[in-house]
Protein chains: 2
Amino acid sequence: MTDSQAKAGSGKRERLVEAAVRVFYQQGVEKTTIADIARAADVPVGNVYYYFKTKDQLIEAAIGSHARILDAVIAASDRHETPSGRLKALIAGWVADREQTVRYGCPFGTLSSELDKRGDGLDTAAAEVMRVLVDWAERQFAAMGRADAKELAIAYVAAYQGISLLTNTFRDPGLMVAEGARLSRWIDSLVS
Amino acid sequence: MTDSQAKAGSGKRERLVEAAVRVFYQQGVEKTTIADIARAADVPVGNVYYYFKTKDQLIEAAIGSHARILDAVIAASDRHETPSGRLKALIAGWVADREQTVRYGCPFGTLSSELDKRGDGLDTAAAEVMRVLVDWAERQFAAMGRADAKELAIAYVAAYQGISLLTNTFRDPGLMVAEGARLSRWIDSLVS
DNA sequence: GTCTATACCACGATAGAC
DNA sequence: GTCTATCGTGGTATAGAC
């Protein structure tokens, strides 16, 4: 994109993607209309179609945004020297975000779950993002010397997804706190 | 309901509820239309409204159906003498159902997750059903002499919900098999 | 109780003026 | 590149004949 185009857009594209991520998360993909996203981004409804020809393209952009957020979270965990410290750092982040989990669940898990029932090919793109998290966790468990790193990585991510669903269902942030502590103890117990 | 009314209905109400449970599970609540359910139940579209005045009432009936299924699953576990045997029996059932989990996720978890973003009050009804499962699990862990039965019950259900989401996202039944085995070993390790 | 026809509305998407 | 007006589709729900 040239400078002039970037200036002309005034960051509308970015605003639309941010709004899409937020509104999809809060209302669900299926319930969200293009008008909802336009309003949240403060962009006239008809103008959305200049940037995204279909709702599916907006969903795709939202998945890409989640991928970048995950990359940043994983990169930030690098300041911890040990793999167990990095695994626990992500857990601490999840616990810190518990109030929004109470309201809407896991930002990516709920999206992934919904896309699976949508029929278009977007579920594959969502799976690739989830794969990045699982593979990262597997590398951490492997660095801890665990031969069953693959299985542990799945259990780690599943525990987070599951407790997010229950935290949301029961509207109880305490569930995330208790399970986060339990998972951290579990990781400590695996250190050889 | 009198006999004559039951006869006149020819079980249409029951067929509609069964169809609703199935189609909501496979397509998601939001994507499913009244016409979809009518077709699946082999009932004329307009006739649905004689039994259920709104889509919400159909959802409510579907939640009730899930509650009855859960009651039956829990009752069936009673043939196992030990609490750990009962907890493992449910896990075995989840593993046995892995192929449908690969396609559509956990029948009740996906519903609960979706209802939470719907705005109406149905999420509360879903939470009550989930509560039945958690409370049952808590009683089993308590019978095993665990003081932290409440926390373990949450972890148990969360593990199932989480692995269901990942099994569905990655379309890999093997994930459910491996995690089921891991959870069973975990429960054995808790037996005093 | 059963079913058809249809009212009514909301949504995704487009056409075209500016 | 921006925005309005609108088209077409498909959904919930109802009216009313049978």
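Convention: sequence-line order gives letters A, B, ...; per-chain numbering from 1.
OP1 or OP2 of D:dT2 has at least one side-chain nitrogen or oxygen of A:Tyr51 nearer than 4.0 Å. Residue B:Tyr50 places no side-chain N or O under 4.0 Å from the OP1 or OP2 atom of C:dT2.
At most 12 heavy atoms of other shown residues, nucleotides or ligands fall within 6.0 angstrom of atom CZ in A:Arg103.
Taking 4.0 Å as the cut-off between side-chain N and carboxylate O, A:Lys88 and A:Asp188 count as a salt-bridged pair. Look at B:Glu151 and A:Arg185 and you find a salt bridge, because one of the NZ, NE, NH1 or NH2 atoms lies within 4.0 Å of a carboxylate O, short of that distance.
The distance from atom CG of B:Leu58 to atom C1' of D:dA13 is 13 Å, rounded to the nearest whole Å. Computed from coordinates, the B:Arg39 CZ to C:dC3 P distance equals 16 Å when rounded to whole Å. Put simply, CZ on B:Phe52 is 18 Å from C1' on D:dT14, counting in whole angstrom units.
Legend: ring-ring contact (aromatic ring centres under 6.0 Å, His included) pairs involving residues 103-124 of chain A, not counting sequence neighbours, sorted by first then second residue: A:Tyr25-A:Tyr104, A:His66-A:Phe108.
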Completion exercise
B/S/- along nucleotides 7-18 of chain C (protein heavy atoms under 4.0 Å) is ----SSBB----

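A:Val29 is not listed as a side-chain neighbour of B:Glu30, based on a closest heavy-atom distance of 4.5 Å or more.
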Using residues 126-135 of chain B as the side-chain source, report each donor-acceptor pair under 3.5 Å to any protein atom, sequence neighbours left out, with the distance given to one decimal.
none

